[in-house]
Novice: 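Pasting in a structure now, in structure tokens, and then I'll have a few things to ask.
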Amino acid sequence: MKLVVVGTGYVGLVSAATFAKTGCDVVGVDIDAAKVARLSRGECPIHEPGLGELLQEGLADGNLSFTTDLAAAIVDAQIVLSAVSTPTGPDGERADLSAVFAVVDAVAEHATGDLVFINKSTVPVGTGRICEERIEKAIAARGATARVVVVSNPEFLQEGSAVQNSLEPHRIVIGINDGPAKMMAAERMAALYRPFIGEGIPVALMDRESAEVVKYASNAFLATKISFINMMSALCEKVGADVRQVAAAMGQDPRIGPAFLRAGVGYGGSCFPKDVRALVATGRELGLDMAIAAAAQQVNDAQRERFFQAVLAGLSPAATVAVWGLAFKPETDDVRESPALELAAKLVAAGHRVRAFDPAAKPALPGAELCANALEAATGADALVLMTEWAEFRGADLAAVRKLMRGDRLFDGRNAYEPETAKQAGFAYRGVGV
Ligand code: UDX
């Protein structure tokens, strides 16, 4: 089966490499010619454990190739999977779907026979219908007979464990609506996912609108869980309680569960902030108040700000501040909506000297210095702020770090350290809700 994956970002590249591993003939398409050239040489453009190996394996087996020529790739494809980005649009809330529609229009123009169009990007509910109508109209206009079925197949992978999540997903969600070619689409989706179904991974088959909602509902729910524990962390600080103990005991109730109850500086990344905003906007368009999602976003903003203010209040004027971690979470080089970048900018604006280090992320940090390693960043610093809980930071010898520093302030934005251990190492410690 020939599968064309459009967009070689986190989701597209992982999907392409995973399906190539299961034996599909996969062509990855991207508009970025330099990226296509790198991928074709087996160079992985992102930091994602296991992805480089999978990419090289696919290229060596001949199951995986890359091109910029979308039109040529579509002609003999059975499935076109779109994983292009759907960032927040110019209004600051709704998803910008222009990249999705560009792929849709190419499919409408170049499809020759039966084709399944999978939408893997997170798109507002109803987008699948708009895509299908757009394709049908264009195909009719050029007098062709090709049948294209638009399927919603949301992705749930987490950056940093994307390859494992993709090879062993918790569930596969497939949304197909009734229509004359539904059977064709269902059979191709079953063929695509057969290796996974064979492993006993559950498939949730539903209508397309429900599948589109599942993605937003899942991400907004997880964001809410994080914001809930962050809200409790503020209370814990006021009353002298420890949010880590509260979360652990809450999580023992199987109805609650222990995951996503880590208090910290708030969630970031390319999904939660964008998807929560888009859900609130969709609700508003429909005359609905997505109150819990809106509150999750509000609590997240407030949690960041509360931590930033605590850091700023704890610094002497023109202090030197070491920032450990720039990625929005460990095991990725992704800095999209990362609280660390916002903190660094605020520190610089307040006249402090910022020396930052992240094991993978090397973004431009106006006014700040990017250091070669964690100890270099800490050397001579008045304060250390931990923003991303990379293992190398969690495992740092705090006493040795303290000796390299000038001051004794440690702001732990991820509760990565035991307060007692930090104190024994000579630090004035501040965690989140601890
Ligand atoms: C998320 C979803 O988990 C995934 O299913 C979806 O497909 C895309 O969005 P990702 O953005 O890779 O994945 O990151 P995730 O591991 O979910 O973490 C998101 C943010 O929440 C990070 O900033 C992380 O630091 C924060 N987080 C997570 C917490 O602050 N506390 C927690 O307990 C868990």
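Just so you know, ligand 1 is whichever comes first in the structure, and atom 1 is the first atom listed for that ligand.
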Novice: Heavy-atom contact check, 4.0 Å cutoff: does Cys271 meet ligand 1?
Specialist: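 It does, in that a heavy atom of Cys271 comes within the 4.0 Å cut-off of ligand 1.
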Novice: I need the atoms of ligand 1 closer than 4.0 Å to a non-hydrogen atom of Arg414, numbered in the order shown.
Specialist: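 This gives 25 (O), 30 (O) as the contact atoms.
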Novice: Short question: side chain of Lys274, backbone of Glu337 - any donor-acceptor pair under 3.5 Å?
Specialist: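 Judged by distance alone, no pair lies under 3.5 Å.
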Novice: Can any side-chain N or O of Thr224 pair as donor or acceptor with the backbone N or O of Ala220 at less than 3.5 Å?
Specialist: yes
Novice: Would you say Thr388's side chain and Ala327's backbone share a donor-acceptor pair under 3.5 angstrom?
Specialist: yes
Novice: Any chance CZ of Arg402 has more than 12 other-residue heavy atoms, nucleotides or ligands included, within less than 6.0 Å?
Specialist: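 Correct, the count exceeds 12.
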Novice: So, regarding Gly269 and ligand 1 (criterion: nitrogen or oxygen to nitrogen or oxygen, under 3.5 Å), is there a contact or not?
Specialist: no
Novice: If you measure every N/O of Phe328 against every N/O of ligand 1, is any gap under 3.5 Å?
Specialist: yes
Novice: Tell me, which protein residue and heavy-atom name are nearest atom 30 (O) of ligand 1, and how many Å apart are they?
Specialist: Ile226 CG2, 3.5 Å
Novice: For Glu389 and ligand 1, answer yes if some heavy atom of the residue is under 4.0 Å from a ligand atom, otherwise no.
Specialist: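 In this structure, Glu389 fails to qualify as a contact of ligand 1 - no heavy atom is under 4.0 Å.
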Novice: Looking only at protein heavy atoms, which one is nearest to atom 31 (N) of ligand 1, and what is the separation?
Specialist: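 The closest one turns out to be Arg262 O, 2.9 Å.
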Novice: Keeping Thr18 on the side-chain end and Val14 on the backbone end, is there a donor-acceptor pair under 3.5 Å?
Specialist: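 Pair found, side chain donor or acceptor close to backbone of Val14.
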Novice: Does the plane of the ring in Phe357 sit parallel, tilted or perpendicular to the ring in Phe393? Use 30° and 60° as the thresholds.
Specialist: perpendicular
Novice: What are the atoms of ligand 1, with element, lying closer than 4.0 Å to any heavy atom of Leu261?
Specialist: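 Listed by number with element, the hits are 33 (O).
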Novice: If the cut-off is 4.0 Å to any non-hydrogen atom of Glu155, which atoms of ligand 1 fall inside it?
Specialist: 7 (O)
Novice: Please determine whether a side-chain nitrogen of the Lys or Arg among Arg353 and Glu369 lies less than 4.0 Å from a carboxylate oxygen of the Asp or Glu.
Specialist: yes
Novice: Quick one: nearest non-hydrogen protein atom to atom 5 (O) of ligand 1, plus distance?
Specialist: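 Among all protein heavy atoms, the one nearest atom 5 (O) of ligand 1 is Phe156 O, 2.8 Å.
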Novice: Just need the protein heavy atom nearest to atom 2 (C) of ligand 1, so name the residue and atom and give the distance.
Specialist: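 Answer for atom 2 (C) of ligand 1: Phe272 CE2, 3.6 Å.
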Novice: Looking only at distances, please establish whether an N/O atom of ligand 1 is found under 3.5 Å from an N/O atom of Lys215.
Specialist: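 N/O-N/O distance under 3.5 Å: yes.
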Novice: Looking at Glu212 and Arg129, does any basic side-chain N land under 4.0 Å from a carboxylate oxygen?
Specialist: no
Novice: Of all the non-hydrogen atoms in the protein, which one sits nearest to atom 3 (O) of ligand 1, and at what distance?
Specialist: Gln158 CG, 3.3 Å
Novice: For atom 14 (O) of ligand 1, what is the nearest protein heavy atom, given as residue, atom name and distance?
Specialist: Lys329 NZ, 3.1 Å
Novice: Can you confirm if the aromatic rings of Tyr193 and Phe19 lie within a centre distance of less than 6.0 Å?
Specialist: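 When the ring centroids of Phe19 and Tyr193 are compared, they turn out to be within the sub-6.0 Å range.
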Novice: Which residue owns the protein heavy atom closest to atom 17 (O) of ligand 1, what's the atom, and how far is it?
Specialist: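 Here the nearest protein heavy atom works out to Phe260 CZ, 3.3 Å.
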Novice: So which of Pro169, Gly268, Pro339 gets nearest to atom 23 (O) of ligand 1, if we judge by its closest heavy atom?
Specialist: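 Checking each option, the heavy atom nearest atom 23 (O) of ligand 1 is found in Gly268.
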Novice: Is there a nitrogen or oxygen of Leu157 sitting under 3.5 Å from a nitrogen or oxygen of ligand 1?
Specialist: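 N/O-N/O distance below 3.5 Å exists for this pair.
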Novice: Could you say whether the N/O atoms of Tyr267 and ligand 1 ever approach to under 3.5 Å?
Specialist: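 Tyr267 vs ligand 1: no N/O contact under 3.5 Å.
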Novice: Among Asp412, Asp408, Thr421, whose side-chain hydrogen bond (donor to acceptor under 3.5 Å, both in side chains) with Tyr429 holds?
Specialist: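 When Asp412, Asp408, Thr421 are each tested with Tyr429, the side-chain hydrogen bond (donor to acceptor under 3.5 Å, both in side chains) holds only for Asp412.
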Novice: Do side-chain atoms of Glu48 reach the backbone of Gly160 as a donor and acceptor pair under 3.5 angstrom?
Specialist: yes
Novice: May I ask you to check if Arg394 and Tyr417 form a cation-pi contact, with NZ or CZ under 6.0 angstrom from the six-membered ring centre and within 45° of the axis?
Specialist: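 Arg394 over Tyr417 ring: no.
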Novice: State the atoms of ligand 1, each with its element, that fall below the 4.0 Å cut-off from a heavy-atom position in Glu159.
Specialist: 12 (O)
